[in-house]
Protein chains: 4
Amino acid sequence: MSPTGGRPRDPAIGAAVLAATIELLREDGYTGFALEKAAVRAGTTKAAIRRRWPVRQRLVIDALASVLVTPPTPDTHCTRCDLQQSVELLAEALDTRLPQGVLAPLVAECAADPELHRHLLTALVEPSRSAAEVAVRRAVDRGDLRPDTDPGLVVDLFASVVYQRALLGTAPLDRAAARRLTDLLLRGVAVDFDRLVEISRLPAAHRHPQSTTRS
Amino acid sequence: MSPTGGRPRDPAIGAAVLAATIELLREDGYTGFALEKAAVRAGTTKAAIRRRWPVRQRLVIDALASVLVTPPTPDTHCTRCDLQQSVELLAEALDTRLPQGVLAPLVAECAADPELHRHLLTALVEPSRSAAEVAVRRAVDRGDLRPDTDPGLVVDLFASVVYQRALLGTAPLDRAAARRLTDLLLRGVAVDFDRLVEISRLPAAHRHPQSTTRS
Amino acid sequence: MSPTGGRPRDPAIGAAVLAATIELLREDGYTGFALEKAAVRAGTTKAAIRRRWPVRQRLVIDALASVLVTPPTPDTHCTRCDLQQSVELLAEALDTRLPQGVLAPLVAECAADPELHRHLLTALVEPSRSAAEVAVRRAVDRGDLRPDTDPGLVVDLFASVVYQRALLGTAPLDRAAARRLTDLLLRGVAVDFDRLVEISRLPAAHRHPQSTTRS
Amino acid sequence: MSPTGGRPRDPAIGAAVLAATIELLREDGYTGFALEKAAVRAGTTKAAIRRRWPVRQRLVIDALASVLVTPPTPDTHCTRCDLQQSVELLAEALDTRLPQGVLAPLVAECAADPELHRHLLTALVEPSRSAAEVAVRRAVDRGDLRPDTDPGLVVDLFASVVYQRALLGTAPLDRAAARRLTDLLLRGVAVDFDRLVEISRLPAAHRHPQSTTRS
DNA sequence: CCATAACCGAGACGGTACGTCGCGTCTTGAT
DNA sequence: ATCAAGACGCGACGTACCGTCTCGGTTATGG
């Protein structure tokens, strides 16, 4: 697998290319990103880049991964605070550290190739979720969240809201929005959940508009 | 603004181009989409297309809008069912009707131009959300959801989870997943929400691991 | 065949490209010739060149043809002079007007494609031969050369000697060499041609070393 | 000059490279010939080839020389036959043994470097001419050709016509063509050579169209 | 009624990036 | 010192779209 003979690769080149890639993504966006520019900026050539990343998407993924580090959510013994901060950290990682408008087209392009898609998930998505997932799991263990809580689903909700906000360009999740989101997930929106479940099990004919209001 | 004299546009061309665009997006994805191919497929020329859509992104937006119709969620007098179905309909619209992997890069490219971005939101995003928003608002009016519920936030959660699932290629939100999502939002995950709020208002020093477990 | 619609080609571009091609061939030789350099020098782009000459060899052929003009050999009523001058004019055309070392690789590359090869012959070779062929034919008509003379063969000899000199880099056929060549062809080298023919018809056994010297 | 110590060169490599070079030239032509392919075909590496032939043209020259052997023209005591056969042998050597369309671009590329050019002449051109030159000289000695005959010039004519035929793709000099060429050179084309010389020495004014026909 | 004006088809124009390939050089580790 | 292996900077290749433009011809309405 690993080449026995031959001139070894210059490790400086790989690093320079990653750095140049990030810079260019930040300047020109994803579609404006050109391999040739990256080569020039990194002081090397297209061929040298292709040797390391035969597929351009891999290069972009690795470049993003090199700047996307999500610090672990600190344990404050306050579930509400922990979860709020998890959302904020996630939002900060995606909105601030990553170049704008890169993740979306990248993911779309990777959708076709399964291997590429897997690499993207493991290199970019999973790490950014893990901090939040740890916090949720901690809250469950602490007894603050119901024992049947699916941490993955909760983090999905955190992550996807953050993602969509960034994607659709609405205001980037501030502290107040993070609180509203967290509280909504903690508390739920139903006035009486059990009653709603009960109704949903009735045959359709027995449901009446007024019946939903408890007598 | 509108031309007074001159030869009127052939209305068939516009429709043919939209249809060809959808086909090509489905076949080649967003980056593989070429204006010239669309012209050939529609039996016309680049120039004729450009006269109608000077900016390519507008063409793609309009083409997507022409196939993205979200039917209104029917009122079954069962809030739980209604919300579930809203999620499912949303998922179905985004996953099935739209070509895969087109929306994401499109949004990313539109992010720069505010006008383009606004058009995209109003032409694509808003319509697909409105059905769900109506259902949520109905449930609030019915008294099933707490009166302080923010319908927009709830729909955001529905929409973003649908979007992320579709985008990241996780399983495309089947019926069971829709139920789990709905129930989670209705019921919340906290064992005792008020207590968590209380704790979060204490100074950090007074929080202890054991204190979160109610005596 | 001829395009009915469309923006007409800028004729200046074609001319500029031919001129640039000649210049570059003169500077860098055939193998050093690059389409991209020609585009830059002509103030245009590769694509514009390819529209006119999809095959690079065609471009080179046409460029050479644009500078290779062999003036008709003037009639001096002196066969010996005419032929000498034909050779000299031919040599001058090939050695002086054409860039050095271009014709040879060009011909070699065209050998594979019959159509290309035909174009090369008609565009470059035939014109340069015709002047000499006219002169030879005139000499036959005048009665100075034997009536059974094959003008094509004679011109072949002229042309090929000129070509080989240019090719192999031996001194470029000066006036004296042209005279020697012409006289050799006019006079022949045999002491007694008829006798040599006679001998060649004998059975091999009857030929003796001494027998060739006339008694 | 010659290395004293170190690992000795594997003599098999040189031979394998020459053979591979000939094969590839025959398959891909001169411009299609790539050093890397030759290395692979010969079961070795570029570096090993470069050690032996630092300049690629040298490799091609040596490869061609390894297959270009012109057997001596046998002495049949028939000048006409000998010369004919010289031409045929020459044609056969150049047309059959050498890969097509290689010599021309090679010569063109070598034209720049004098040393390279000299090597090419001595390694390829001279040997193929020598057999014919011996035959011509023999005919002079035998008294069949005029004593003032320049053997080099005669061979030049033979060789160049062969070369041009092969190069320009006209029929590859069959037996009949060889005879016509030989006879033309032996006999000349002038009806009365001495008279043509006489005329050429007159002032231009004294030449008249009718004067060339002897009364 | 016919001129104006916008349409349509066709296609050339200058750009720019793509991915591939070969060059000639250099750097390893091992024989 | 040679060998196999392969990275390196360089630069040209041919392909494909982009967005713009220039045509000749067509089709409506408004002076």
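Every chain is numbered from 1, with letters handed out A, B, ... down the list of sequences.
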Of Arg56(C) and Pro8(C), the one whose nearest nucleotide on DNA chain F sits closer to the 5' end is Arg56(C)

- Item | Working for side chain to side chain contact (heavy atoms under 4.5 Å, CB included), residues Val107(D) and Leu124(D) | CA-CA 10 Å; Val107(D) 175; Leu124(D) 285 181; over 6 Å; no

Looking at Asp62(C) and Arg52(C), is any side-chain nitrogen of the basic one under 4.0 Å from a carboxylate oxygen of the acidic one? no

**Electrostatic pair Arg41(B):Glu27(B) at N-O distance under 4.0 angstrom** = yes

So, do Leu106(C) and Phe33(C) sit near enough that their side-chain heavy atoms are less than 4.5 Å apart?
-> no

Considering only heavy atoms from C-beta outward, does the side chain of Thr21(D) approach that of Ile49(D) to under 4.5 Å? no

Ordered by number, residues from residues 47-55 of chain A within less than 4.0 Å of DNA chain E (heavy atoms) are Arg50(A)

Between [atom2] of [N] and [atom1] of [X], the distance in whole Å:
X         : N       : atom1 : atom2 : answer
Glu109(D) : dG22(E) : CD    : C1'   : 13 Å
Asp10(D)  : dA4(F)  : CG    : P     : 8 Å
Gln57(B)  : dC18(F) : CD    : P     : 11 Å

**Asked** Is any side-chain N or O of Arg7(C) under 3.5 Å from a base N or O of dC13(E), one able to act as donor and the other as acceptor?
**Response** no

Residues in residues 18-46 of chain D with a heavy atom under 4.0 Å of DNA chain F, by number, are Gly43(D), Thr44(D), Thr45(D)

- Item | Criterion side chain to side chain donor-acceptor pair (under 3.5 Å) on Glu109(D) and Tyr30(C), from CA distance to verdict | CA-CA 8 Å; Glu109(D) 273 192 15; Tyr30(C) 184 76; over 6 Å; no

- Query: So with a 6.0 Å cut-off around CZ of Arg97(B), is the heavy-atom count from everything else above 12?
  - Reply: yes

Quick note, Arg9(D) side chain, CB onward, closest among dA12(E), dC8(F), dT2(F) is dT2(F)

TODO: Return yes if some donor-acceptor pair links the side-chain N/O of Lys37(B) with the main-chain N/O of Gly32(B) below 3.5 Å, else return no.
DONE: yes

